[in-house]
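Comments concern the structure below.
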Protein chains: 2
Amino acid sequence: MSSNSDNSLKAEVDRLRLELQALQISTGVKGITIGKYLLTRLSQLGVRSMFGLPGDFNLGFLDVVDDFPDIDWVGNCNELNAAYAADGYARIKSSSLGVILTTFGVGELSAVNGIAGAFSEMVPVLHIVGVPSTIQQKTKPLLHHTLGDGRFDAYRQAASHFAIKNAAILDKADAAKQIDDLLTACITKARPVYLNLPTDMVNVEISSERLKIPLSHRPPSNPEQEEEFVIELIEERVKEAEGDVVVIVDACVIRHDCREEVKKFLKDTGFPVYATPMGKTAVDENYERYGGIYVGSLTAPLIKEKVESAKLIISIGSLMSDFNTGNFSYNIPKRHHIELHSDHTLVQYGRFDGIGMKNLLPKLTEKLKSFYPVSSQIKVPDYIKQLPQEETSIITHKWFWPRLGFFFKPKDVIVADTGTSNFGILEVPLPANAVMVSQILWGSIGWSVGSCLGAALAAKEVGLNRTILFVGDGSIQLTVQEISVMIRKGLKPIIFILNNKGYTIERMIHGKHRKYNDIADWNWTSLLHTLNDGNKHETASYTVHNKRELNDLLDDESFASASKIQVVEVIMDALDAPLALVRQAEMTGKGNTYGDGS
Amino acid sequence: MSSNSDNSLKAEVDRLRLELQALQISTGVKGITIGKYLLTRLSQLGVRSMFGLPGDFNLGFLDVVDDFPDIDWVGNCNELNAAYAADGYARIKSSSLGVILTTFGVGELSAVNGIAGAFSEMVPVLHIVGVPSTIQQKTKPLLHHTLGDGRFDAYRQAASHFAIKNAAILDKADAAKQIDDLLTACITKARPVYLNLPTDMVNVEISSERLKIPLSHRPPSNPEQEEEFVIELIEERVKEAEGDVVVIVDACVIRHDCREEVKKFLKDTGFPVYATPMGKTAVDENYERYGGIYVGSLTAPLIKEKVESAKLIISIGSLMSDFNTGNFSYNIPKRHHIELHSDHTLVQYGRFDGIGMKNLLPKLTEKLKSFYPVSSQIKVPDYIKQLPQEETSIITHKWFWPRLGFFFKPKDVIVADTGTSNFGILEVPLPANAVMVSQILWGSIGWSVGSCLGAALAAKEVGLNRTILFVGDGSIQLTVQEISVMIRKGLKPIIFILNNKGYTIERMIHGKHRKYNDIADWNWTSLLHTLNDGNKHETASYTVHNKRELNDLLDDESFASASKIQVVEVIMDALDAPLALVRQAEMTGKGNTYGDGS
């Protein structure tokens, strides 16, 4: 039995022990308040920062947070931004989770889009909401922050559409178990969960016994016989393909924390590997067997040919959304396709529920490593940085992204907003251990600003390098205030604002010259000054109008050292966009059947 | 039969005609697209501005908006702010509604808090969401902006908790009727409604016949016999009280558009009148029979005595929320109390469903005007502006609000955020035809900034005077970017930012010295410069540190003329607050049973 399977069994044993203890322990043995219990659990799971805003039903819990040494309170400017920050934090701290605290109604409802985005993109986020006391929830007085009609449960009902699990602490008897179950769902399913914490439950004492057994991230082990069957089946297919296998890594490798398992699988088998847009940086992009991005019909011709001509394609953690697949244009027949998912496996036309990739991969590695001598000989196209030569001095997308490729360093954290940024960055090979985060499925513009705050904090906690944000001038206007929190927290991201005078991604889809795609043209270089905290922090802002100015800035060591927070306004043409976006947007516009209105 | 009742009957006849026509008319007679039908209805209802953001499922409808001459598209910075703006617009255009347009998922969900606030506070807002085509809604591809699990209806389900009615246009056959029913619910119930508009339905042709009959605001007429009974009952009670009656006007007078009916009622009966916090400016505050604000135990002693000692109290449009009643501390026995509501009437212990105030008031006026000789002799305390003398040069709340009272002019629109602002403004008598809007029940901080944008646009449309915003430095950070839209639209509000270094309202409730109530201290006087649109607009910013500086500014005619957008940063103490807030917050903090944690 492999050590991996041991781990899974051990996790299950721990879970059973917890249940047993809950039954055995009479309350009162070694007391801890519910508020502290929750924080202790979060601390055990590696949470060091908590996002959100104070509001009159969460102030008592905030006292507990304020007094709790392990977790730092990050007061955000608004709740949507706080949710985005928790999302960004969770994406970087891949074995932990993001936490946001809001207040009843007015606070929590502002965060809904951010939480729904974390649901869609599979990011583990805990949303704690401070709510009226258990007494008030029964008597239902006409309190402020209510709908005025006594429906105290409406917010929770609305939230339940965007949480994999939700709970309300109404009784101390099962409070600890409720918290544990909620957190376990969050981290094992990589989806948001929602918790109502009434004002009068925060300081109620419960037993602390359960805290002795940590919560486990590991998914349950796969049923043994079925797993063996699936492994044999896959081995047969690889044999038939004579080792001519291509691997495609995708979003869920990152979300379900399988990077290490995938790395070993690739190294031991020698299979060539490509990534989807959402799978970018799931495998180090300087890995010698990595060939670049596969995105259906939008793929570069050489990569497309290599992937689609393989006799067998193994997709790991795939998420086949429109923008992640070139509008569903994969040219991979089912009979040549194997898909490993977090909780099931597909082998050609067969589906095997309950066979999850995290436990399957190590065993599959053992079985398939014999193909190394053959598979490691399959040629992979070079995925290298190349700067195109252009006549124009204007900063084009075609030039900008490759140029930035030479600016990135190992362990950089790169955050790209939806729009020209998350399409442009796709074509740039990133250095070793660089991490890229973007929101290709949910695609909420403005997300990157809050997310950058969370990512930068997490990067600091886990020892990554610079945090670099790419965001359009339209997108940043949705969430701009959160930059002030970056400043206040002493973070030093480099923020590239692509000033193309409006919503270029929308222009590409529809309404190229319509005024509804225009926005106000802000004075971007005075933004950091305005948002500074009593001018206590050093900041720098630049505008680059052409290639020379951008080159000079990127080559400046003081700039590149990111020793202070910096904004770079990059002047670009309103109708310029990365090729991948232009082609994707055309297809999206057609799907929307708008007819010819632009 | 009074002309009022005639109006109601006529409205019902119109509604029946509409139904009849819908049955009679074969589609295709005088065609109009669904998009234009909707806009024409909105135009008929007085809508001249529409708020929101472009997104890839609403761009086709935006073409129709862009080409429609009667309605101006106000592109907002984000959806929450757009919802707040639609709310502010509807509050000022009291016989119309506010409209916000967003996109599927990522757009609409950001607006939820703003829409829920409009629900709670009874403001008519239409939320139009551009959604995927009817075909995509059936085939459910893994589109961007979806949850990734095929639940295309999750957003509508979540929205239904915060809308009095919702609809999705999926078929042209009943599209016009669906739109009419939705808008009728919105304007007669003064609550938000929600509409899904698929991309492929926007340009589908339907009959335009229904447009000939306008939609009616008027509520249905009251059942005649029961109404007569209630009027006689109330007359008896007034007789018993020997005309010793006090009227309290509240929020729903404003929300259900009964200002005119109330005005005549008061003038003809001579009854003295007071307002609740949410009813402020329902009656002109310079009306000679107006005595000021009644808010339960927090009322000024003289007013409290006058109200509570009356033999009969008639509340009109009351909304008894915690912050609107001094934490439920009305000292009015039920046997002395009559309440007129939008759809029912309470006479002492008796409840009469279906008897609404808008139709009842004119008849009641006729019946009770005979009491004028007696009732008009009841003394009303003077509600006049008084500036307290203070030693300190610091700007205190005690001094600030009365001082501003001397700055206000007739027809000014005053917007006050939740916190020190909406409590402070309560004690200031406002000039004739001045309108004040605040959000006392919902209480979402930051609401006022978006709302101010909508209010300023509406004020311009209906010929009101200056728009003046009061907002704390904590609150404005939630929604600050919307000021750029004010600038871009050429609006010229005066924005008072009360800089008290954080969330003072929370400090009053709990955590006086806790750091979670601190915020970043921005450079407020550079804000307008940063948010300007290519420096095309004139702006001015000031900081006032003491009474003299504020006096000088307020006395400056150029400043007071509001000929450009202006920001005034008012330096105040972090722990200073209006007395009413201090006392309300104490009661709220106790209700939350936090114990002693501050």
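Only heavy atoms go into these numbers, but all of them, side chains included; no hydrogens, no water, no symmetry mates. Protein chains get the first letters and strands the later ones, always in sequence-line order, with residue 1 at the start of each. Keep in mind the model is a prediction, meaning the values are calculated, not measured.
Proximity to chain A is absent for every atom of B:E108, based on heavy atoms less than 4.5 angstrom apart. Residue contact with chain B, scored on non-hydrogen atoms closer than 4.5 Å, involves the backbone and the side chain of A:W442 alike. Contacts of A:K515 with chain B are made by both backbone and side-chain atoms, with heavy-atom separations under 4.5 Å. Both the backbone and the side chain of A:Q157 come within less than 4.5 Å of a heavy atom in chain B. Contacts of A:T479 with chain B are made by backbone atoms alone, with heavy-atom separations under 4.5 Å and no side-chain atom involved. Only the side chain of A:D149 comes within contact range of chain B, with heavy atoms under 4.5 Å apart. A:L80 touches chain B through its side chain: at least one heavy atom from C-beta onward sits under 4.5 Å away, while N, CA, C and O do not. Both the backbone and the side chain of A:V480 come within contact range of chain B, with heavy atoms under 4.5 Å apart. Of the atoms belonging to A:Q439, not a single heavy atom falls under 4.5 Å from chain B. Residue A:P132: no heavy atom, backbone or side chain, is found under 4.5 Å from chain B. Contact of A:I440 with chain B is made through the backbone alone, with heavy-atom distances under 4.5 Å.
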Practice task
Might you work through the side-chain contact (heavy atoms from CB on, under 4.5 Å) test for A:D518 and B:R488, ending with a clear yes or no?
Solution key: CA-CA 11 Å; A:D518 297 340; B:R488 190 162 170 243; 3.7 Å; yes

Practice task
Any chance you could lay out the side-chain contact (heavy atoms from CB on, under 4.5 Å) test for A:H529 and B:W522, step after step, and finish with the verdict?
Solution key: CA-CA 8 Å; A:H529 170 70; B:W522 292 4; over 6 Å; no

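Checking side-chain atoms of A:Q477 against main-chain N and O of B:C77 turns up no donor-acceptor pair under 3.5 Å. The closest donor-acceptor contact from the side chain of B:D521 to the backbone of A:D533 lies at 3.5 Å or more, if one exists at all. A donor-acceptor pair under 3.5 Å is formed between the side chain of B:Y516 and the backbone N or O of A:L59. The main-chain N or O of B:T146 is found under 3.5 Å from a side-chain atom of A:S120 such that the two form a donor-acceptor pair. Side-chain atoms of B:R151 come within 3.5 Å of backbone N or O of A:H161 as a donor-acceptor pair. Put simply, the side chain of A:N113 never gets that close to the backbone of B:L109: no donor and acceptor are under 3.5 Å apart.
Ranked by heavy-atom pairs under 4.5 Å with chain B, the first of A:L319, A:T418, A:I115, A:L441 is A:L441. The greatest number of non-hydrogen atom pairs below 4.5 Å with chain B, out of A:S444, A:G446, A:S321, is found for A:S321. Contact count versus chain B (heavy atoms, under 4.5 Å) is highest, among A:L147, A:I487, A:V202, for A:L147. Per-residue heavy-atom pair counts under 4.5 Å with chain B were compared for A:G534, A:G117, A:G474, A:G114, and the maximum is reached by A:G534. Counting heavy-atom pairs under 4.5 Å between each of B:W524, B:W73, B:F323 and chain A puts B:F323 at the top. When each of B:N532, B:N78, B:D66 is checked for heavy-atom pairs under 4.5 Å with chain A, B:D66 comes out on top. Counting heavy-atom pairs closer than 4.5 Å to chain A, the top residue among B:V112, B:L143, B:N81 is B:L143. Counting heavy-atom pairs closer than 4.5 Å to chain B, the top-ranked of the candidates A:S484, A:G52, A:G148 is A:S484. Per-residue counts of heavy-atom pairs under 4.5 Å with chain B were compared for A:N76, A:L62, A:I445, A:L142; the largest is that of A:L142.
For the side-chain hydrogen bond (donor to acceptor under 3.5 Å, both in side chains) with A:H510, the qualifying choice from B:D56, B:D63, B:T199 is B:D63, the only one to do so.
A:H144 and B:N324 share no side-chain donor-acceptor pair at under 3.5 Å.
Residues passing the side-chain contact (heavy atoms from CB on, under 4.5 Å) test with A:T504 are A:T420, A:N500, A:R507, A:M508, A:A577, sequence neighbours excluded.
Using a cutoff of 4.0 Å between basic side-chain nitrogens and carboxylate oxygens, A:D67 and B:R514 are scored as salt-bridged.
Contact between B:G443 and A:H145 at its shortest, heavy atoms only, is O-CE1, 3.0 Å. Between A:S526 and B:T530, the shortest heavy-atom contact is OG-OG1, 2.7 Å.
Looking only at side-chain heavy atoms (C-beta outward), B:L53 and A:L478 come within less than 4.5 Å of each other.
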